[in-house]
Amino acid sequence: MINNIIYLDNNATTPLDERVLAAMMPYLSERYGNPSSIYSFSQKIKMEIEDARDKVKDIINADEKDKLIFTGGGSESDNLAIKGIAFANMNKGKHIITSSIEHHAVLNTCKYLEKFHGFEITYLPVDEGGIIDIDFLNKSIREDTILITVMYANNETGVIQPIEDIGSIAREKGVVFHTDAVQVAGKLTIDVKKLNVDLLTMSAHKFYGPKGVGALYVKKGTKIHPLIHGGGHEMGLRAGTENTAGIIGLSHAFELSYENIEQEQLREKKMRDRLEKEILNKIPDVIVNGNKDKRLPNTLNVIFKYVEGESILMLLDSEGICVSSGSACTSGSLEPSHVLLAMGRPHELAHGSIRFSFGRFNKEEDVDKVVKVLPGIVKRMRDMSPFGRGKDEFWKT
Amino acid sequence: MINNIIYLDNNATTPLDERVLAAMMPYLSERYGNPSSIYSFSQKIKMEIEDARDKVKDIINADEKDKLIFTGGGSESDNLAIKGIAFANMNKGKHIITSSIEHHAVLNTCKYLEKFHGFEITYLPVDEGGIIDIDFLNKSIREDTILITVMYANNETGVIQPIEDIGSIAREKGVVFHTDAVQVAGKLTIDVKKLNVDLLTMSAHKFYGPKGVGALYVKKGTKIHPLIHGGGHEMGLRAGTENTAGIIGLSHAFELSYENIEQEQLREKKMRDRLEKEILNKIPDVIVNGNKDKRLPNTLNVIFKYVEGESILMLLDSEGICVSSGSACTSGSLEPSHVLLAMGRPHELAHGSIRFSFGRFNKEEDVDKVVKVLPGIVKRMRDMSPFGRGKDEFWKT
Amino acid sequence: MYSEKVMQHFKNPANWGKIENPDGVGKVGNPVCGDVMYIYIKVENNIIKDVKFETFGCVAAIATSSMATELIIGKTVEEALKITNKAVAEALDGLPPVKMHCSLLAEEGIKAAIEDYMKKQKP
Amino acid sequence: MYSEKVMQHFKNPANWGKIENPDGVGKVGNPVCGDVMYIYIKVENNIIKDVKFETFGCVAAIATSSMATELIIGKTVEEALKITNKAVAEALDGLPPVKMHCSLLAEEGIKAAIEDYMKKQKP
Ligand SMILES: Cc1ncc(COP(=O)(O)O)c(C=O)c1O
Ligand SMILES: Cc1ncc(COP(=O)(O)O)c(C=O)c1O
Ligand code: FES
Ligand code: FES
């Protein structure tokens, strides 16, 4: 990348891969036709969209008759899945099960249905490692449960949920199951058949594709309402002139991600693990969040006790290092991370987490740079804080 | 443009202007940050998005406190407006007024609310010229009417509706008023204050911007629910990581469209009028659809009696000429145009319309080429048809 | 959307036009879309010697008209009656699903023309 | 998001640290976010001679702590009591709306420290 920043926020968004941009360019210039038009100029574009769809379906091992709906992003896919299932099946019941650590696109959609459309929501608790309680799930399923929606991996901690187990339970009880796989798509292999999911969300800009385009996998026979009504685009499930460049970009980016996925996982894991080790070695009073055995290979979420996350983030920023504190879309809000709170972290600690997330364009030097400046930054902020070793004992952990 | 096609389908979509693409490029390469992240790399992008928003607001004469929400396209904006108002105000009433000639993004959204959420919809009729019946509107407003949604100009015929009048009536009666201005944005000047609208839809790809991004103007104080819930993006009204390139593209394209709008209107009108005249001169039994005094300057919708539209379209396609028959997103469907039916055209005629829509990149030569081949094409299809002069009298007009 | 073969038949349809003094005429309308086909046949010794069509309809309607007339020319009346719309569509390398109904015009047109011919044969 | 000035004060805050044997100490917490500020003052002849802070809080909390201490140093106790969070925020060229509450920490910290000082003055 051209910037001389060290970008360690790949769970927030990723750079657009140059190869993906190259694949998109024709659709941003001479191939501008509306895919719904019936002259050949447009029909060729329509066919390329269908090829793009088939490619993605192949990679996630979807059935030929399953649907893959292109949307305007991960949030839209989540909303389409949840509201679409809720409204199409409310005659059968109005109970939905989700978890307490979902992304806001899921959480706030559930809350909306609860508040304004008479649905009842069960929020599954998680353990200290951030993994949902399967027993609780089992006990929560009722006659009128129409949907279970649990994310595949958490964006803040990278913790991977037991989707396959949830899927078997859901299938056994005949409940529709949706998973938000935004943080998994492009990072781990996905097999919708093995997972027993009925719906699965992905978002292109998390795997080196363009922003503003996502997809929702919908298993054949799933009864669902569109979120965006209108023309018959996307098999009648998502109206609107197709974002041709975006769709081609999503598909190409998705394909590229799986070209040598295992190698890339190892490469990122190595950097992540070294950063983790160095931080624990060099900085006292650090807590690593999330079950270490069930974590995305690229994500590290740590708490530096006695200081707030934002300050560290901003001092790293002055060193040209981009990381996040809480999830990107809640920063600017005051609430501490709902994910860390759900994992039992006290309020002050939840407020102080920093997430490092590696990606395709990171190098080992990036770790070196962080390790060089981070201890000083943390020390400086701790000195400025009224708490910490030898100071007031404000909290205990 | 690089293609050697003659593109006369600018109401379906427009080429992306090279200048717009150039403005988008940084956001498709080195400026990839997520605008919600708080480090400076991203905050700068955030500021540029806000500038883009302000530019569009300025052009439509919006108040500083009014909102402009960036969405995933015209259809999403329509759905956000209609469902957003409907669900946020259903405690006040469940009656919505729309017209019988709306785009499917409006029509099918209304039908959905009617069928599944207990709303009642009144569909305003139009006259032979395609203009809605204002008296009928006046009489249709009830105590429980919570929304009037009437399009600014029709996509098939280009007929412009009396939005200002509708706006005054709506304001007087205290009913929220939305207009789908997808076919007007970039073609005519828009002044939301003068129009008395509360919500207004636009879509970038109709004014030489990118596909997959739109906007919804929302007057301050309008009570509305989001369509896509999640993070607090777009003032809490549209969750999802911003399509940065798309937003910058929309804004830049919108600005460019108004740079010399009057000149461009005249230029396109001249071509359109010449085409109309030549067709009427050279081809018998032609009907021009839509009130000629209230028509977008770029649109010409004609019926060639005794033949079907699709055949003409496909023969024009073999000559490299792109036009449409019915609206793009309903082609592939079998129904004749609901717009022409609403204007009182019999079924067989409604089935046979062709729309020519001019744009920024058309030249007078394009008219010449159409005029050269069209009479022969129509004659050929008429010869093949069992109807027409001296043949069976199948219908009368 | 349409196969090459459909487009070929649409652009250069075989047997379009009228037969003066035909032995049978079929006039059928498509209930789905309102489109119309006229078919004229000339029969000699129970064999379809000539056939022509006039169609007001879409690309698929015209292409299937053309293909159907090609399929029945030189066939016996009985053979011609066996031609189905599916056979016509297959001979055209298929039709888009929403356009399958269009091929019914041709099947029914042929049937109607043969019926008309048979009626006229009865004394 | 943050003004230049906020970032300057955040990166190089004035008067952070502790005063040994202060004349007054304020320990306040922000009810909105749970963040905490300690403020220490030294007073001579009713004039604030020295001030230091320790803050556990966000960028805005630290910048306002720094600015507030600069604003009161050298002022009389009465003058210092008149400093509002708005004045501190303005001196920093403003704060983002969601961050306005952070500036309350500084205002309240100063008040608490002066109150503590006054209490100690009473015989
Ligand atoms: C009048 C009108 N409204 C809405 C739309 C939908 O816009 P989009 O295709 O960008 O979703 C269109 C065009 O397709 C249109 O012409
Ligand atoms: C787990 C998860 N779900 C959903 C989303 C929303 O995706 P988008 O921003 O593309 O709408 C994100 C990222 O923002 C995410 O991390
Ligand atoms: S649509 Fe009528 S025959 Fe094809
Ligand atoms: S967020 Fe707590 S002081 Fe700013």
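In what follows, chains are A, B, ... by sequence order, proteins preceding strands, each numbered from 1. Values below: all heavy atoms of this structure, side chains included; hydrogens, waters and symmetry mates excluded.
Per-residue counts of heavy-atom pairs under 4.5 Å with chain B were compared for A:A88, A:G73, A:G212, A:S75; the largest is that of A:S75. For the options A:I82, A:L313, A:L107, heavy-atom pairs under 4.5 Å to chain B are most numerous at A:L313. Counting heavy-atom pairs under 4.5 Å between each of A:T14, A:L21, A:L80, A:D317 and chain B puts A:D317 at the top. Options A:M314, A:H205, A:M90 differ in how many heavy-atom pairs under 4.5 Å they form with chain B, and the most are formed by A:H205. When B:E242, B:E310, B:H117 are compared by the number of non-hydrogen pairs under 4.5 Å with chain A, B:H117 comes out ahead. Listed options B:N243, B:I228, B:N108, B:T13 were ranked by heavy-atom pairs under 4.5 angstrom with chain A; first place goes to B:I228. Between chain B and the options A:G240, A:G246, A:G72, A:A105, heavy-atom pairs under 4.5 Å are most frequent for A:A105.
Side chain to side chain, A:T201 and A:D180 fail the donor-acceptor criterion of an N or O pair below 3.5 Å. Under 3.5 Å, the side chains of A:T149 and A:H178 contain a donor-acceptor pair of N or O atoms. For B:D366 and B:Y7, the side-chain atoms include no donor-acceptor pair closer than 3.5 Å.
In summary, the aromatic rings of A:H104 and A:H338 are positioned with their centroids under 6.0 Å apart. Taking the six-membered ring where the residue is Trp, the centroids of A:Y112 and A:F119 are separated by 6.0 Å or more. No close placement of the B:Y32 and A:Y208 rings is indicated, their centers lying 6.0 Å or farther apart.
The line from NE2 of B:H229 to CZ of B:R238 is 13.0 Å long, rounded to the nearest 0.5 Å.
Interface residue A:V323: only backbone heavy atoms are found under 4.5 Å from chain B. Contact of A:E102 with chain B is not made at all, since no heavy-atom distance falls under 4.5 Å. Only the side chain of A:K83 comes within contact range of chain B, with heavy atoms under 4.5 Å apart.
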